[in-house]
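Since we're looking at a predicted model, the values are computed, not measured.
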Amino acid sequence: ADGGDRVALRELLSKTGDVPLPPYIRRAARPDDAARYQAVFANADGALGSVAAPTASLHFTDAVLDGLAAAEIRTSRVALHVGAGTFKPVTAARAADHTMHAERFAVAADELEDLAASAAARRPIVPVGTTSARVLESLYWLGARELRGDGGGDGEAGLRVEQWTGH
């Protein structure tokens with residue numbers, strides 16, 4: 001699809017769809033939710049991809065991020081395209097029997113280098129919310145597979161982290 005197709009889809013969704021709210025917000029979506037559920041981390045180009053905002057980061061503002069930088073606290077940004085499974089209630093008796101939907105993430109090379117440098121220097125890496133934690137867990141397992149020599153090499157399938165990898 002070209003950029004025009006994305007614009008058309010965005011327009012269609014904005015006219016016909018509602019912002020998906022987490023199940024703990026027990027009300028119908030309102031027009032102001034479209035702005036309320038956009039974190040400062042949202043893509044400037046309005047790229048579509050997630051069905052939910054990373055709600056743990058909604059309290060981050062440009063001023064908060066500037067304050068962290070002033071205090072010399074480093075930040076890294078990762079992107080997780082949250083799937084509809086984030087809204088799926090856990091009904092299984094055992095967590096291992098609850099199946100999540102697949103999610104895609106993106107991390108820029110310079111962000112990976114910063115994360116690796118922080119880990120090597122034993123600086124704390126503090127993910128904000130489960131969304132960020134899932135990306136870090138996936139990066140760990142992808143790296144572990146690569147170090148063991150059993151990762152990559154088979155296209156996109158080599159970049160998959162299954163739900164219970166490592167367990």
Side-chain angles (χ1 to χ4, degrees), residues 6 10 13 18-25 29 32-90 92 95-148 151-152 156-167:
R6 283 189 292 248
R10 187 178 309 115
L13 291 175
D18 290 319
V19 172
L21 297 176
Y24 54 81
I25 296 179
D32 66 326
D33 290 330
R36 283 191 60 213
Y37 286 97
Q38 286 301 316
V40 295
F41 305 115
N43 286 341
D45 67 357
L48 301 175
S50 291
V51 299
T55 54
S57 70
L58 288 176
H59 63 282
F60 281 91
T61 62
D62 290 326
V64 169
L65 293 172
D66 291 345
L68 291 172
E72 297 184 2
I73 297 173
R74 299 169 66 163
T75 60
S76 296
R77 296 181 186 199
V78 299
L80 175 64
H81 294 285
V82 177
T86 196
F87 294 127
K88 183 179 177 184
V90 177
D97 295 331
H98 177 73
T99 302
M100 291 295 295
H101 296 151
E103 298 175 320
R104 300 175 73 83
F105 67 87
V107 183
D110 59 333
E111 300 288 2
L112 280 174
E113 290 168 0
D114 286 348
L115 287 166
S118 291
R122 297 198 172 294
R123 287 190 300 265
I125 297 174
V126 182
V128 176
T130 56
T131 299
S132 299
R134 289 196 307 270
V135 171
L136 292 177
E137 289 170 346
S138 295
L139 288 171
Y140 171 84
W141 288 111
L142 289 169
R145 252 192 347 222
E146 188 64 31
L147 288 173
R148 287 191 314 253
E156 194 169 315
L159 297 176
R160 283 184 148 330
V161 177
E162 298 301 327
Q163 181 173 343
W164 297 108
T165 295
H167 297 282

A.B. asks: Test of understanding: with side chain to side chain contact (heavy atoms under 4.5 Å, CB included), list the residues that count as partners of T130, not counting sequence neighbours.
C.D. replies: R134
A.B. asks: Give every residue pair that meets the side chain to side chain donor-acceptor pair (under 3.5 Å) criterion with at least one member in residues 60-69, sequence neighbours excluded.
C.D. replies: none
A.B. asks: Starting at CG of L147, measure out to CZ of R145 and round the result to the nearest 0.5 Å.
C.D. replies: 12.0 Å
A.B. asks: Sequence neighbours excluded, which residues qualify as side chain to side chain contact (heavy atoms under 4.5 Å, CB included) partners of A92?
C.D. replies: D97, H98
A.B. asks: For residues 107-116, dump all side-chain donor-acceptor pairs below 3.5 Å to protein atoms at least two apart in sequence or in another chain.
C.D. replies:
from	atom 1	to	atom 2	distance (Å)
E111	OE1	S76	OG	3.3
E111	OE1	R77	N	3.4
D114	OD1	R74	NH2	3.3

A.B. asks: If you look at every heavy atom in A133 and P127, which pair is closest and at what distance?
C.D. replies: N-CB, 3.7 Å
A.B. asks: Which residues pass the side chain to side chain contact (heavy atoms under 4.5 Å, CB included) test with S138, not counting sequence neighbours?
C.D. replies: F105, V161
A.B. asks: With sequence neighbours excluded, tell me which residues meet side chain to side chain contact (heavy atoms under 4.5 Å, CB included) with I25.
C.D. replies: L21, P22, R27, Y37
